[in-house]
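Inspection log for the structure reproduced underneath, given as structure tokens.
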Amino acid sequence: MSHLLQQPLPWYVAGPLIGLTVPLLLLMGNKRLGISSSLRHICAACAPAEIPFLKYDWKKQVWNLYFVLGILIGGFLAGYVFANPHPVAVSSQTSAMLQHWHIQQGVGLLPEQWFNWHQLLSWQGLMFTVVGGFLVGFGTRYAGGCTSGHGIFGLSSLQWPSLVATASFFLGGIVSAHFILPLLFK
Amino acid sequence: MPETLNTTQPQVQRTQKPSRHIPQWVFVFPGIYFGWVLTKGEAISWYRIEEMFYFQGFHMYGIFMTAIPTGALGIWLIRKWRVKALNGEPIDIPKKQFHKGYILGGFIFGLGWALTGACPGPLYAQIGAGFTIVIITLLSAIFGTWVYSRWKDKLPH
């Protein structure tokens, strides 16, 4: 049983299961899938600082904070308690690229050699965490949503602005992965 | 007159569907479900994200290409059958109002996505999966959101 639970899901199982979250949240309480809003609610709760954009009744949106707490628990169960004992089965091209970048791909979903507390103060570590995180938080709010709110929910509800946003996410990602990321491994 | 009262009252009660109160904490459960499938589907993996941005594998594209039609089918059925939410609310989907931030902010988010290997949802899942350093990434993302909120009016929209 636990062996079965450790297995990663192929895309054709994971994709539909992820998509099902959209009707699930709508049916449970007329809630729209979106994660980046949680960052705004945390700001509104902890440091509203008289900023008009943060002055709203965040307590009415607490479901979203419970939802992201659930994601953390889900990640703990799927990625820690029942973690896949094998490395992520990336394509051979990606394996070669990782070697070129001197990344030893162990088990685990992220390269541990970079994502650890000792690397935090290296400039690369700062790029992966502090800089990367800032861009994610700033960019998603500016774009009015993230991969869930626009990419999954927005596209599922056939809204063209979400298609533009998702295309921009990908454009930014491609530019960053091809032109910024390689500099970190030089 | 009492007769009319008797006949109208039950009707009023019948049309008013009792709205059940669903406490907000219940949403921890779909969260656990979502976190589980994101993690097991490796959508929170830094390796999978780079593989996607280098067009070296189909995995992440396959996830998007099956997740979106599934969500769309769900919404289509909800609309077709005019299903109400469990708490009695009619299901509504507000229109997204386009502005320039969708392009500019979207691009900025993309730059970060390729570095962290995570969009906001996976950030929480990565922390849960034991990568405690991602707490810093999350705090920085919260700070990024705050900075946007603070200087929102100065940015093109």
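Chain letters run A, B, ... following the sequence lines, proteins first and then strands; every chain starts at 1.
- For the residue pair B/Asp92/A/Asn30, the side-chain donor-acceptor check at 3.5 Å is satisfied.
- For B/Phe58, the ring pair (Phe, Tyr, Trp, His ring centres under 6.0 Å) partners are A/Trp11, not counting sequence neighbours.
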Can you list the steps and then say if A/Leu54 with B/Trp146 is a side-chain contact (heavy atoms from CB on, under 4.5 Å)? CA-CA 8 Å; A/Leu54 297 178; B/Trp146 190 88; 3.6 Å; yes

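- The closest side-chain donor-acceptor pair between B/Gln56 and A/Thr94 falls under 3.5 angstrom.
- Between B/Tyr54 and A/His178, the distance from one ring center to the other falls under 6.0 angstrom.
- Aromatic rings from B/Phe109 and A/Phe169 are positioned such that their centres are separated by under 6.0 Å.
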Walk me through whether A/Tyr66 and B/Val26 qualify under side-chain contact (heavy atoms from CB on, under 4.5 Å). CA-CA 8 Å; A/Tyr66 282 112; B/Val26 171; over 6 Å; no

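- At a 4.5 Å heavy-atom cutoff, B/Asp153 makes no contact with chain A through either its backbone or its side chain.
- With a threshold of 4.5 angstrom between heavy atoms, B/Tyr33 approaches chain A through side-chain atoms but not through N, CA, C or O.
- Note on A/Val130, A/Val22, A/Leu9, A/Leu98: by heavy-atom pairs under 4.5 Å with chain B, the leading option is A/Leu9.
- When heavy atoms are compared at a cutoff of 4.5 Å, B/Leu155 approaches chain A by way of both its backbone and its side chain.
- A/Ser176 and B/Trp113 share no side-chain donor-acceptor pair at under 3.5 Å.
- No hydrogens or angles considered: nothing links the side chains of B/Tyr148 and A/Thr140 as a donor-acceptor pair under 3.5 Å.
- Neither the backbone nor the side chain of B/Phe29 comes within contact range of chain A; no heavy atoms are under 4.5 Å apart.
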